[in-house]
Amino acid sequence: ETFIFNKVLMLLKNGFKVNVITSVIDVNSKLEIKELSIYKSFRIVLNPLKSRFTIPVLYKLLLSKNFLKVLFLNKGSLKKRYKDYLSLVTLKMFTPDIIHFEFSGLGFQYLHLFDKLEGVTLVSSFRGAAENITPLINSKRRLEFPNYLEKIDICHCVSKKMAFTLSKYGFDKSKEFINYPSIDIDKFKFIKEYDFNPKNTIKIISIGRLHWKKGIDIALLALSKLKKKGFNFTYTLVGDGGEYEKLKFLTSYFGLENEVKFVGYKSPQEVSDLLLKSQLFLLPSYSEGLANSALEAMSCGIPVISARA
């Protein structure tokens, strides 16, 4: 995620030692990681939990002095004891002063181990989906929320609305830290001579993961109605994700093959170039914290049309 990269970069520039534990390092992240790797105080590793049944991980654990003792003396199933032990080893991997869970959904995976992290400040970010959507379909998450908020030391909310959402779970306001998303405006050029004429072809763009909560299906429905009214437009979708197949089908179903273009993942520079060629930014999300992509569009001087997410 670009906002995570920006945060890590600024921490490194200000003399902090930053260790990142991630579930996957994809092709799109390698250039950003290369830029961070010039700092000796930066390290990134794959989460051992994702490969906990592989020979290298098992071999390393067998060599640790407490592994067998914890595995066979603690309560619970063998599988759970193994996962808990590895989870705790992961959290303590770099003997951190601060552990920051970029998404609260990640933090919940380690909630039962928080009491064993003595002397570590726990920070969790609350960005939207895990707070507004997951509790609706996961009763366990809903019940655990007050406990999670009690054990977290600092609660980073991306907006006042998010802080209000947490208050419904008995949120301690003294832990509240509202830090609005921000972008580096120097990376985006401002369109000095913005031109928009609805009689000409309207150039529309959306940027983000192809996930159901981004509401691209509703955008396609709206655009199909726009086409029936005789408007000419193009709609560029930047990003990839699990909804690609569904959205390609809907594009065909609504007869928008000539208007809609899926361009996949793009680097920050490529995103900037695409924004400069656009006239309207569309943010049709069902649920959203505060979209960096909308801020990027604004920094270019492009009007933003947004749902009330």
Under the rule for ring pair (Phe, Tyr, Trp, His ring centres under 6.0 Å), what residues qualify as partners of Y169, not counting sequence neighbours?
F145
So, taking the atom named CG in L12 and the one named CG in L36, what distance separates them when rounded to the nearest 0.5 Å?
6.0 Å
Determine whether a donor-acceptor pair (N or O, by modelled atom type, separation under 3.5 Å) exists between the side chain of T165 and the backbone of K161.
yes
So I216 and E243, do their side chains get closer than 4.5 Å, heavy atoms only?
no
Y235 ring center near F254 ring center (under 6.0 Å)
no
With rounding to the nearest 0.5 angstrom, report the CD1 to OG1 distance, I4 to T22.
8.0 Å
Side chain proximity check, K92 to L117, heavy atoms < 4.5 angstrom
yes
Say you draw a straight line from CG of L276 to SG of C300; how long is it, rounded to the nearest 0.5 Å?
5.0 Å
Of all the heavy-atom pairs spanning A130 and G105, show the shortest one and how long it is.
CB-N, 3.9 Å
Any donor-acceptor N/O pair, K227 side chain to G255 backbone, under 3.5 Å:
yes
For I205 and L282, run side chain to side chain contact (heavy atoms under 4.5 Å, CB included): C-alpha distance rounded to whole Å, both residues' side-chain angles, the deciding distance at 0.1 Å, then the answer.
CA-CA 6 Å; I205 188 171; L282 185 56; over 6 Å; no
Has the side chain of N232 got a donor or acceptor atom that lies under 3.5 Å from a matching backbone atom of N200?
no
For K203, salt bridge (Lys or Arg N to Asp or Glu O under 4.0 Å) partners two or more places apart:
none
Please report the shortest heavy-atom distance between V304 and A297, naming the atom on each side.
CG2-CB, 4.1 Å
So side-chain hydrogen bond (donor to acceptor under 3.5 Å, both in side chains) across residues 293-309, not counting sequence neighbours, yields none
For P268, is there any backbone N or O sitting under 3.5 Å from a side-chain donor or acceptor partner on S272?
no
Counting only heavy atoms not in E257 (residues, nucleotides, ligands), do more than 12 fall under 6.0 Å from its CD?
yes
So which atom in I21 and which in T90 form the shortest heavy-atom distance, rounded to 0.1 Å?
CD1-O, 3.4 Å
Could you list the donor-acceptor pairs under 3.5 angstrom formed by side chains in residues 176-195, with sequence neighbours left out?
unit_1	atom_1	unit_2	atom_2	d
E176	OE1	K173	NZ	2.5
D184	OD1	D186	N	3.1
Y194	OH	Q279	O	2.5

Is it true that L274 and I202 fall in one hydrophobic cluster, defined by side-chain heavy atoms closer than 4.5 Å?
yes
Connected to F164, directly or through other members, by ILVMFWY side-chain contacts below 4.5 Å are none
Find out if a path of hydrophobic residues (ILVMFWY) with successive side-chain heavy-atom gaps under 4.5 Å connects I154 to L122.
no
Residues that E35 engages under side chain to side chain contact (heavy atoms under 4.5 Å, CB included), provided they are two or more places apart:
F5, L9
Are side-chain heavy atoms of D115 and K151 found at a separation under 4.5 Å?
yes
Supply the atom-to-atom distance L237 CG to L247 CG, rounded to the nearest 0.5 angstrom.
7.0 Å
Spatial distance of atom OG (S206) from atom CG (L283) [nearest 0.5 Å]
7.0 Å
Given side chains that start at C-beta, do those of Y148 and S124 come closer than 4.5 Å, heavy atoms only?
yes
Contacts of K160 that satisfy side chain to side chain donor-acceptor pair (under 3.5 Å) - sequence neighbours left out:
none
List for me each residue that meets ring pair (Phe, Tyr, Trp, His ring centres under 6.0 Å) alongside Y244, sequence neighbours excluded, and say none if there are none.
F262
What residues form a side chain to side chain donor-acceptor pair (under 3.5 Å) with H112, not counting sequence neighbours?
D84
Please, which pairs that meet side-chain hydrogen bond (donor to acceptor under 3.5 Å, both in side chains) have at least one residue in residues 97-110, sequence neighbours excluded?
K7-H100, K7-E102, N47-Y110, H100-S125, E102-R127, S104-E131
Could you check if a side-chain atom of L149 sits within less than 4.5 angstrom of a side-chain atom of C155, using non-hydrogen atoms only?
yes
If hydrophobic clusters are built from ILVMFWY residues whose side chains come within less than 4.5 Å, do I38 and I44 share one?
yes
Shortest non-hydrogen contact from L106 toward F101
C-CD2, 4.2 Å
Which residues pass the ring pair (Phe, Tyr, Trp, His ring centres under 6.0 Å) test with F281, sequence neighbours left out?
none
With side chain to side chain contact (heavy atoms under 4.5 Å, CB included) as the test, would you mind laying out the steps for M10 and F16 before giving the verdict?
CA-CA 9 Å; M10 293 309 297; F16 289 89; over 6 Å; no
L295 with I204, same ILVMFWY side-chain cluster at under 4.5 Å
yes
CG (N19) and CZ (F94) are apart, to the nearest 0.5 Å, by 4.0 Å
So among L226, T234, L250, L220, which one has a side chain to side chain contact (heavy atoms under 4.5 Å, CB included) with L256?
L220
Contact between H156 and V158 at the side-chain level, heavy atoms closer than 4.5 Å - yes or no?
yes
Sub-4.5 Å side-chain heavy-atom contact between L223 and E259
no
Under 3.5 Å: donor-acceptor pair, side chain of N138, backbone of T134
no
When every non-hydrogen atom of F171 is compared with those of L166, the smallest separation belongs to CB-O, 3.1 Å
Do any pairs count as a side-chain hydrogen bond (donor to acceptor under 3.5 Å, both in side chains) and have a residue in residues 215-224, sequence neighbours left out, and if so which ones?
D217-Y286
Taking V120 as the starting point, is it possible to reach I98 by hopping between hydrophobic residues whose side chains are less than 4.5 Å apart?
no
Smallest heavy-atom separation, G301 atom then P303 atom, equals O-CD, 3.7 Å
Run the numbers on I152 and F114 for side chain to side chain contact (heavy atoms under 4.5 Å, CB included), then give the verdict.
CA-CA 9 Å; I152 290 293; F114 282 179; 3.9 Å; yes
Does any part of the side chain of I207, heavy atoms only, come nearer than 4.5 Å to the side chain of L275, both counted from C-beta?
yes
For atom CZ of R43, decide whether the heavy atoms of other residues, nucleotides or ligands shown that lie under 6.0 angstrom number more than 12.
no
